[in-house]
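Any value given below was found using the heavy atoms of this structure, including those in side chains, with hydrogens, waters and symmetry copies removed.
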Amino acid sequence: MANTIIHGTCFRCGRMKNLRWNHTLDRGECRACRARRSQQDTCTGCGKQRRVNARTGDGGAVCVTCYARTRTANDACDECGSIGPLATRAGGKGDGSRNLCPRCYRNPRRTCGICGRLKRVALKATGAAPDVCPTCYQAPVTDCSVCGQQALGRRTTNHGRPRCFACQAAQQIDAALTSPDGTIRHELKPVRDALTELHQPRSLLTNWHNLSSLHLLTDIAQGQVDLSHDALDARPQVFSVTYLRAMLVAARALPPRDENAARLRRHAAEAVTDITDPELRGVLSRYARWHIVGRAKTDRHGHLTAHVAARCRSDIDTAHAFLDYLTGLGHDLDDCPQTCVDAWLTTSRSARLSFVRWLKRGGYLPQARLPDPVAQKDPSHDIDPESQLVLTRRLLYDPDSASVEDRAAACLILLYAQPAAKIAASPPMTSSSATATPTSPSAPNPCCSSRPWTP
């Protein structure tokens, strides 16, 4: 009698799996046990001791791999026209409408009997089970035998009993964080709690072997790597190390520190490693350590902001590029001619002039002369209060001193210190307000400013 696939307990291994039920023997066994007890013989194709899938005309055994490789068919695929083994035949148990080869055959799309969605069928319906889509087939909703909750998981991962993904992830996390003495370090227990409380434990299980941060965390738990910032600094600063450091700091396994400052100091130390000349290496080291890193401005919490750290790294890289520029031209800091400095300052003068000025203050570049510093514009000025009052009265009462708009704008500047850009952006004055002339400057409009006017 034909075999039927059902879900139950294998009478050989005792695990809950999909069984091939033989109605003649009235018992079911899983695929693994069925394969282990099946007849094995030496394959005439590959010469290996394999399970027999078919036999030749003279009785020779053919394994599954050689049978799929060598078998031929006289029917052509209705989709691509190739002649070969067919995945489904017209009127057969498969598609039922056309002859299709394995390359052209697509699993049918039917309603999943578990989630109700119209998807590709991964497990075809039987007399005792409905069609199952790939999502429900790989991650069915189970009653976990560990925590007792109903969640996505596997049916037979707990010695043949179902277990949810959260319990699976917790078991792997505990195994990874357990030290050789069989316990989890006190510092790593908050990390363990944070990992086990993930909202998508299945993602952690799927990427477990590809996450470098978890491998490094396992080495820390095993005692192969010290639990310190110095041990993490000694490794390449890739995303996995940065992420693990942030997680350890958030779990209070590591003390917090100013990461921007630490990265800046590390960048300053790495910038001088590829300079072979000892004198140039010392110059760049002093400039980066004392002039850039030592003078970097911090915020009110004493930490470097990301913008300040990026600007400091750019200054260090600019100084390094200038030394490489001199080395490429065959000059050093003592015989650098004026033409080299001028060519260097041709582009991006504001960014490159800082290091050159620092060199001049240190006694280097004796043959070069720097351009005179540009005087900075200072908007602050002093004005005599009496002169300001005289000018204000003239603008208020002398209609010939300027236009009405200019007189109003000048009064706002003189009396209330309003910025000129703000006055220019204000809406235009109406005709009624433009023709009005105040009778006394002693009572300004309180809407213009909260500061009292003092004559």
Side-chain angles (χ1 to χ4, degrees), residues 2-23 25-38 51 107-178 182-184 188-189 191-211 214-215 217-218 221:
N3 295 334
T4 304
I5 297 178
I6 63 174
H7 188 74
T9 304
C10 177
F11 80 98
R12 293 185 181 275
C13 62
R15 294 181 295 178
M16 292 289 295
K17 303 191 71 176
N18 289 331
L19 306 179
R20 178 74 67 173
W21 191 266
N22 192 310
H23 294 277
L25 301 177
D26 195 22
R27 62 183 184 180
E29 57 183 344
C30 63
R31 182 178 179 181
C33 295
R34 181 184 176 87
R36 281 195 295 267
R37 72 173 184 83
S38 60
R51 181 168 63 90
N107 284 11
R109 295 175 63 87
R110 292 195 290 266
T111 302
C112 176
I114 297 179
C115 65
R117 294 177 295 179
L118 183 63
K119 298 190 66 176
R120 181 174 61 86
V121 176
L123 185 63
K124 296 181 180 179
T126 62
D131 292 324
V132 181
C133 68
T135 303
C136 297
Y137 180 72
Q138 293 293 334
V141 178
T142 62
D143 294 328
C144 181
S145 59
V146 178
C147 63
Q149 297 181 358
Q150 192 176 42
L152 296 178
R154 303 291 188 206
R155 293 191 179 96
T156 58
T157 54
N158 186 24
H159 303 288
R161 294 176 296 174
R163 182 170 50 175
C164 64
F165 289 130
C167 294
Q168 284 184 262
Q171 182 185 15
Q172 291 199 16
I173 292 169
D174 291 341
L177 297 184
T178 302
T183 60
I184 299 178
L188 298 180
K189 288 183 179 180
V191 180
R192 186 262 179 197
D193 296 338
L195 291 176
T196 54
E197 292 176 0
L198 293 175
H199 296 289
Q200 295 182 351
R202 184 183 181 186
S203 176
L204 180 65
L205 293 172
T206 303
N207 301 284
W208 182 270
H209 299 288
N210 299 326
L211 295 176
L214 288 178
H215 297 168
L217 182 60
T218 303

Please assess Leu188 against Leu217 for the test side chain to side chain contact (heavy atoms under 4.5 Å, CB included), listing each intermediate value before the final yes or no.
CA-CA 9 Å; Leu188 298 180; Leu217 182 60; 4.2 Å; yes
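Across every non-hydrogen atom of Cys164 and Cys144, the tightest pair is N-SG, 3.4 Å. Considering every non-hydrogen atom in both Cys30 and Cys10, the closest pair reads N-SG, 3.3 Å.
Legend: residues meeting side chain to side chain contact (heavy atoms under 4.5 Å, CB included) with Thr178, ordered by chain and number and at least two apart, are Ile184. Residues satisfying the side chain to side chain contact (heavy atoms under 4.5 Å, CB included) test with Ala176, not counting sequence neighbours, are Trp208, Thr218. Remark: Arg110 pairs with Asp131 by the salt bridge (charged side-chain N to carboxylate O under 4.0 Å, His left out) rule, at least two apart or across chains.
Once rounded to the nearest 0.5 Å, the distance linking CD of Gln149 with OG1 of Thr142 reads 10.5 Å. Here Ile173 contributes atom CD1 and Leu214 contributes atom CG; the two are 7.5 Å apart, rounded to the nearest 0.5 Å.
Judged by distance alone, the side chain of Ser145 and the main-chain N or O of Pro162 form a donor-acceptor pair under 3.5 Å.
Applying the salt bridge (charged side-chain N to carboxylate O under 4.0 Å, His left out) definition to pairs two or more places apart or across chains, none involves residues 132-150.
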Listed pairs under 3.5 Å, donor-acceptor, residues 113-122 side chains, sequence neighbours left out:
residue, atom, partner, partner atom, Å
Lys119, NZ, Thr135, OG1, 3.0

Could you pull out every donor-acceptor pair under 3.5 Å between side chains of residues 193-204 and any protein atom, sequence neighbours left out?
residue, atom, partner, partner atom, Å
Thr196, OG1, Arg192, O, 3.0
Thr196, OG1, Asp193, O, 3.0

